[in-house]
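One structure is given below, encoded as structure tokens.
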Amino acid sequence: MVKRRRVEKEKAIAYSRSKLFPWNFIFEDVEPAAIEHFVPYAVQVLGDLSIGGEKLSAAATAEANEAAAKTALAREGGRDAWWKHGGSSGGGSSVSGAGGAFASSSRSIERREEQAAGESEVEKEHLRERIREEVRLLVSDFLSDADDEDALRMHGEFAALFPFAFSQCLVQAMLHKLNLRLEDVIDVRAISDLMGVSVRDIRKREDFIRDLLAHKQNMRFFAANILGRKVMSAEGERIGSVADIIFDTETGILRGIVVKLSERGVRVARERGEAVGSSAAAETKTHANSHFAENREEERQEGGEWEEKRRGLAYFPMQALRFNSYNGGFVLRSRVL
């Protein structure tokens with residue numbers, strides 16, 4: 001197991017320096033069991049955060065293209081009808097004028113189509129950059145904590161495959177949310193040729209992951225694994241630990257965490273404008289469920305016992321955090337997205 005982690009770590013380092021990054025991680029062949037293990041984590045990590053190019057969806061693009069095609073066909077049909085009826089009563093000058101108008105209209109359609117294509121490519125490049133950044137972060141998490149005990153307990157035999165299997169699950173979860181596939185974003189065949197990987201195998205694994213995503217949108221089980229895990233500032237200083245988890249009651253998506261703050265953590269939270277104290281934890285209960293059933297029991301207690309327990313707590317929404325999927329810790333973002 002130790003030898004395998006060392007080998008996979010060396011591979012991750014080499015892959016991260018390659019010109020094919022991050023697609024080499026996404027195309028790497030990994031065992032299906034590892035994919036099954038990491039899919040629920042990818043669903044939770046992605047949650048309901050904005051992807052940045054979210055307006056780019058295959059459905060919306062197809063709809064726009066269909067509308068443009070119908071417009072062009074209608075115009076083409078109108079021109080054919082005009083010619084069949086011999087043009088207007090205005091003679092040759094009218095023919096010339098109508099032809100010029102049609103040519104001008106055609107150029108206008110072409111310009112709009114070119115503009116739409118340009119905007120679509122900009123959005124796709126934005127999505128590609130987002131994918132590069134997400135894979136870079138998770139590979140960094142792995143390389144800095146390859147022997148982390150929490151990570152080894154969480155992922156067991158699959159810990160060594162984290163940078164490859166998890167990156168594939170997370171990227172597919174992003175694309176699935178946008179109703180896109182890898183081929184909509186990159187030239188799969190060209191990269192597969194460079195890596196010597198079968199396009200058929202890539203598509204087969206993509207379908208496998210997407211099938212798992214479709215059936216595991218409601219997974220909550222990993223929540224218990226991150227209670228008590230450390231929470232770090234953007235500068236890497238520990239500011240507290242996870243005291244409670246707030247998730248959406250309908251989807252099971254993680255909305256935020258309640259942090260038991262250290263003295264340093266209280267200062268960091270206040271500097272960021274976060275509420276600290278009893279209200280910070282209590283207000284979250286009005287719109288989402290806590291992970292702990294016993295906490296709900298404690299809330300019904302009279303007196304100051306539970307009030308005392310809530311002192312030094314702060315609620316952080318997922319938009320303010322980055323989840324380290326490798327060891328289950330959290331890192332505050334330098335700014336709220």
Side-chain angles (χ1 to χ4, degrees), residues 1-46 130-174 182 186 188 191-198 201-202 204-206 208-209 212 221-222 224-238 241-242 321-331:
M1 184 67 70
V2 174
K3 181 179 179 181
R4 186 183 188 185
R5 285 204 307 275
R6 184 170 64 251
V7 171
E8 297 299 335
K9 183 175 181 179
E10 290 173 355
K11 183 192 291 186
I13 293 172
Y15 275 32
S16 65
R17 294 172 178 171
S18 169
K19 291 183 178 180
L20 291 174
F21 176 86
W23 316 112
N24 46 6
F25 283 91
I26 297 168
F27 287 8
E28 178 72 5
D29 187 21
V30 294
E31 54 198 78
I35 295 292
E36 290 185 81
H37 171 79
F38 285 112
V39 159
Y41 291 88
V43 171
Q44 292 286 357
V45 169
L46 186 62
R130 176 66 187 272
I131 289 172
R132 291 187 189 99
E133 177 63 13
E134 292 296 334
V135 176
R136 184 189 67 78
L137 286 172
L138 67 90
V139 172
S140 177
D141 289 339
F142 171 75
L143 294 178
S144 61
D145 294 309
D147 298 317
D148 186 272
E149 292 183 1
D150 288 335
L152 299 180
R153 281 195 297 270
M154 287 175 66
H155 305 307
E157 61 180 308
F158 305 121
L161 296 175
F162 172 83
F164 310 102
F166 185 76
S167 64
Q168 294 175 29
C169 295
L170 184 62
V171 169
Q172 287 297 342
M174 293 170 65
L182 275 172
I186 57 172
V188 172
I191 296 178
S192 66
D193 288 343
L194 289 172
M195 293 188 62
V197 181
S198 166
D201 289 343
I202 293 170
K204 184 177 179 180
R205 187 160 62 251
E206 182 176 27
F208 176 65
I209 296 174
L212 291 173
F221 76 93
F222 95 115
N225 293 326
I226 61 178
L227 295 169
R229 296 299 169 83
K230 60 187 177 183
V231 181
M232 311 291 289
S233 69
E235 294 71 34
E237 183 178 5
R238 182 165 183 165
S241 58
V242 180
L321 301 161
R322 183 175 67 81
F323 179 58
N324 183 328
S325 303
Y326 184 60
N327 64 18
F330 289 88
V331 180

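Excluded from the calculations below are hydrogen atoms, water molecules and symmetry mates; all remaining heavy atoms, backbone and side chain alike, are included.
- Annotation: side chain to side chain donor-acceptor pair (under 3.5 Å) contacts involving residues 7-17, sequence neighbours excluded, comprise K11-E28, Y15-E28.
- Ring centroid separation for the pair F21 and F25 comes in under the 6.0 Å cut-off.
- With salt bridges taken as basic N to acidic carboxylate O contacts below 4.0 Å, none links K204 and D201.
- For the pair K230 and N327, the minimum side-chain heavy-atom distance is below 4.5 Å.
- Partners of D193 by salt bridge (charged side-chain N to carboxylate O under 4.0 Å, His left out), not counting sequence neighbours: none found.
- In this structure, S192 and I202 approach most closely via the heavy-atom pair CB-CD1, 3.7 Å.
- For the pair F158 and E31, the minimum side-chain heavy-atom distance is below 4.5 Å.
- Two residues are said to be in side-chain contact when any heavy atoms from C-beta on lie closer than 4.5 Å; S144 and Y326 fail this criterion.
- R5 approaches D147 most closely through the heavy-atom pair NE-OD1, 3.1 Å.
- With respect to R136 and E133, a salt bridge is recorded, a charged nitrogen being found less than 4.0 Å from a carboxylate O.
- Put simply, the side chain of I13 reaches to within 4.5 Å of the side chain of L143, judged on heavy atoms.
- Considering only heavy atoms from C-beta on, I191 stays 4.5 Å or farther from I26 through its side chain.
- Of all heavy-atom pairs between L152 and A146, the closest is CD2-O, 4.2 Å.
- Of all the heavy atoms in V331 and S233, the pair that sits closest is CG1-O, 3.6 Å.
- In plain terms, the two heavy atoms of N24 and S18 that are nearest each other are ND2-CB, 3.4 Å.
- Under the 4.5 Å side-chain criterion, counting only non-hydrogen atoms from C-beta, I131 is not in contact with E134.
- The heavy-atom pair separating P163 from A12 by the smallest distance is CG-CB, 4.2 Å.
- The ring of Y41 has its center closer than 6.0 angstrom to the ring center of H155.
- Looking at L161 and H37, their side chains never come closer than 4.5 Å, going by heavy atoms from C-beta outward.
- Within the 4.5 Å cutoff, the side chain of E206 has no heavy atoms near those of the V188 side chain.
- Atoms CZ and CG, from F162 and D141 in turn, are 6.0 Å apart once rounded to the nearest 0.5 Å.
- Remark: R322 CZ to L137 CG distance equals 5.0 Å, nearest 0.5 Å.
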